[in-house]
Amino acid sequence: MAKITKLDDIVSLCKRRGFIFQSSEIYGGLASCYDYGPLGVELKNNVKKAWWKAVVQMRDDVVGVDCSILMHPLVWKASGHADKFADLIAECKKCNVRTRVDHLKEKVAEQAEEHTEHIAIDAAMAGTGNLGKKVCPNCGAVGQFTEPMPFKLMFETQMGANVDDSMTMQLRPETAQGIFVNFRNVLDTTRVKIPFGIAQIGKSFRNEVTTKAFIFRTREFEQAELEFFCEPGTDEKWYEHWKEQRFNWYLNLGIKKENLRFREHEANELAHYAKGCVDVEYKFPFGSGDWQELEGIANRTDYDLRQHQRGMRTLNKWFENDRKLANIGLADEAEDYQSGPLSYFDEEKKRRYIPYVIEPSAGMDRSTMAFLVDAYDEEEVRGEQRNLLRFHPAIAPIKAAIFPLVKKDGMPEVARKIYDDLKRYFNCFYDEKGAVGRRYRRQDEAGTPFCITVDGQTLQDQTVTIRERDSMEQIRVSTDQLRNHLREKLDM
RNA sequence: GCGGGUGUAGCUUAGUGGUAAAGCGCCAGCCUUCCAAGCUGGCCAUGUGGGUUCGAUUCCCAUCACCCGCUCCA
């Protein structure tokens, strides 16, 4: 059984094997930022490829996009992030515990709701005059709060080299909005028909109040998101469809069933626009052995497209107000919004409507860590401990390692030739140093599923051995069958 | 942000107000015809910055980072 029981074990493993390093480590590190090393980048790329293959390549009803991280400021006004993606937090002077102002209640007995809708900062500030009666949920002190502190959860940056004439922009806090904003472009250029989806993988940025647990909650992170557009009334069916698809994706890539579960959100923790939401959770071994979210699958209804129709109607007001978001509110929704610019015309039913959206949103860094943790194993072989990563071949950083059994008798030359051929098709690794057993074990630690060894017999009959990682068993295969054999085993 | 803890080689650890030690790993070589064998040699460390001191890795202060808990989790 795997001996990873603490986060430290994972951090150590990631460093030791070159998967993940602290960012800017030689400068003492930078909080919440991490770099993927040589094996890590292969692993994460493979996870992303596997997602893309399952969600885009293998489906007739999903297309992909890759949007810029910087977007028009009104996008975040329309999506709600500009106003609501900010919290007011007050700190209790007695016990120094910080609480979201909108979570504070006037009596101890009142249970603070776990997830309440965020309130625009201005409105919230106006409504905080009476913190004097509020109760600290931690120590029970009444009215002992500091002035509310606003928290900006979006990263800001400047666009424009001329400092006096630059515009403040936000780094996207989610990739989804790039998809909604391109809904019409995709409709107009790709002949897709509802139901269909648009997928994207990319970096997002959020100024988390606190970061947590290695790469689990970082301020810069990578998301894989699908917005699946469907006719209202069919959304429940598609919600169930994607729940099943996404859950099985993890299982098919080797995550152990007992470590994966759904957690359905309660009605009172749903975002105001969401009709339903479920998390795919993984049982990480650290902390209290907590289940942690890898992916959320939400029914976002027609909220986002409707909001962007409002955003488009706000454009003039924005120009008139000196391009200052603070001065303007989002325009009202048109009465005939159902036939607005982001609506869809169903040719068969001769009906125009705003589609509903099912959104599976997966954290690529989180799932990469889950695949790593789940694959880790230690076992005893002939009295020796063997450490290995039992990666599914599709996500293994190195697919095959090629060795000469010994470094003489022309074996290195033959092995080298095999390596040069195979590396055109798979990520391969060549090694001729030291005892072959040690080379096998090194590949076990990197999670390489197959090792190919050139031995004395190869020189006689052009066969090599293929040693399988998990069983350590070997078979002989003719060199001219090698590529096909591996391709089949690797499911590529 | 609060409380607690940690920081010595790539990793795991030892140790000391006076030359910083070991195992594993890694590199070079020898040997090796299938699972971390052996031999020889080699590389690499006190997070950063100050202070006290003749001398600090050790004591003090600050800072950075990480971990645990609280909090937060769009």
Side-chain angles (χ1 to χ4, degrees), chain A residues 6-18 21-34 37 76 79-81 83-87 89-100 103 112 114-118 136-139 146 149 151-154 173-174 176 204 206-214 216-217 269 271-274 277 279 286-288 292-293 296 298 361 381-388 403-409 411 433-445 451 453-459 464-465 467 469 472-474:
Chain A
K6 297 193 305 287
L7 191 53
D8 284 337
D9 299 336
I10 298 170
V11 176
S12 167
L13 171 74
C14 287
K15 173 84 184 279
R16 188 168 66 245
R17 300 302 310 172
F21 308 122
Q22 172 92 58
S23 165
S24 312
E25 194 181 291
I26 61 170
Y27 285 99
L30 180 64
S32 166
C33 294
Y34 294 90
W76 309 118
S79 71
H81 292 89
D83 292 334
K84 297 170 182 170
F85 214 62
D87 290 326
I89 291 181
E91 188 169 310
C92 175
K93 291 174 190 166
K94 276 213 164 162
C95 63
N96 291 322
V97 164
R98 296 174 150 205
T99 312
R100 256 171 66 179
H103 284 182
E114 274 199 13
H115 298 256
T116 48
E117 186 177 339
H118 292 272
C136 174
N138 183 55
C139 69
T146 60
M149 303 168 275
F151 274 67
K152 270 188 193 169
L153 299 191
M154 277 196 291
E174 63 178 27
S204 295
R206 299 178 187 179
N207 267 318
E208 301 291 347
V209 176
T210 54
T211 55
K212 191 181 165 188
F214 195 37
F216 190 80
R217 177 172 292 121
E269 64 175 310
H272 58 289
Y273 51 78
C277 187
D279 289 341
F286 49 78
S288 42
Q292 301 282 357
E293 174 189 357
S361 172
V381 179
R382 283 184 268 270
E384 298 267 1
Q385 181 175 304
R386 185 170 83 113
N387 296 340
L388 68 161
F403 309 144
L405 185 58
V406 288
K407 204 165 73 174
K408 60 182 184 186
D409 300 339
M411 291 180 206
K433 302 285 172 59
V436 74
R438 175 179 294 268
R439 284 178 267 159
Y440 285 144
R441 295 301 175 82
R442 266 200 286 249
Q443 293 304 315
D444 289 340
E445 282 208 321
C451 292
T453 302
V454 169
D455 57 14
Q457 193 178 330
T458 309
L459 308 174
V464 293
T465 61
R467 179 260 197 188
R469 176 194 65 206
M472 295 187 288
E473 282 170 6
Q474 288 178 293

Canonical and wobble pairing (Watson-Crick, G-U, under 3.5 Å) of RNA chain B, dot-bracket with |:
(((((((..((((....[..)))).(((((.......)))))....(((((..]....))))))))))))....

Is A/Lys15 close enough to B/G10 that one of its side-chain N or O atoms is under 4.0 Å from OP1 or OP2 there?
no

So how far is it from A/Lys433 NZ to A/Arg438 CZ, rounded to the nearest 0.5 Å?
13.5 Å

Side chains of A/Cys14 and A/Tyr34 in contact at under 4.5 Å (non-hydrogen atoms)
no

Check whether any side-chain N or O of A/Lys433 sits under 4.0 Å from OP1 or OP2 of B/A28, and answer yes or no.
yes

Please give the distance between the P atoms of B/U53 and B/U57 as a whole number of Å.
16 Å

Could I get the full list of salt bridge (Lys or Arg N to Asp or Glu O under 4.0 Å) partners for A/Arg441, not counting sequence neighbours?
none

Roughly how many Å apart are B/A37 and B/C24, using the P atom of each and rounding to a whole number?
10 Å

Residues two or more places apart in sequence or in another chain: which of them pass side-chain contact (heavy atoms from CB on, under 4.5 Å) with A/Arg439?
A/Phe403, A/Pro404, A/Asp431, A/Val436, A/Arg442

Taking salt bridge (Lys or Arg N to Asp or Glu O under 4.0 Å) as the test, write out the residues that go with A/Glu384, two or more places apart.
none

To the nearest Å, how far apart are A/Glu25 CD and B/A9 P?
11 Å

Under a 4.0 Å heavy-atom criterion, the protein footprint on nucleotides 33-40 of chain B, written with B, S and -, is BBBBS---

Mind checking the C1' distance from B/C11 to B/U16? Whole angstroms is fine.
23 Å

Taking the P atom in each of B/G42 and B/G49, what is the distance between them to the nearest angstrom?
30 Å

With sequence neighbours left out, what residues match A/Arg469 under salt bridge (Lys or Arg N to Asp or Glu O under 4.0 Å)?
none

Return the CD to CG distance between A/Gln457 and A/Asp455, rounded to the nearest 0.5 Å.
6.0 Å

Once you round it to whole Å, what is the distance between P of B/C44 and CD1 of A/Ile26?
18 Å

5' to 3', nucleotides 62-67 of chain B under a 4.0 Å protein heavy-atom cut-off (B base, S sugar-phosphate only, - none) gives --SSSS

Counterpart residues, side chain to side chain donor-acceptor pair (under 3.5 Å), relative to A/Tyr440 (two or more places apart)
A/Thr453, A/Gln474

Tell me every residue that passes side-chain contact (heavy atoms from CB on, under 4.5 Å) with A/Lys408, counting only those two or more places apart in sequence or in another chain.
A/Val406

Name all residues meeting the side-chain contact (heavy atoms from CB on, under 4.5 Å) criterion together with A/Ser79; count only those two or more places apart in sequence or in a different chain, and write none if there are none.
A/Trp76, A/His81, A/Gln177

What interatomic distance, in whole Å, is found between P of B/G7 and the corresponding atom of B/G15?
12 Å

Rounded distance in Å between the C1' positions of B/U63 and B/U6
16 Å

Span that lies between the P atom of B/G17 and that of B/U13, in whole angstrom
22 Å

Same-atom distance (P) from B/G51 to B/C70, integer angstrom
40 Å

Considering residues at least two apart in sequence or located in another chain, which fulfil the side-chain contact (heavy atoms from CB on, under 4.5 Å) criterion with A/Ala298?
A/Cys277, A/Arg300

List in chain and number order the residues that pass salt bridge (Lys or Arg N to Asp or Glu O under 4.0 Å) with A/Glu293, two or more places apart in sequence or in another chain; answer none if no residue qualifies.
none

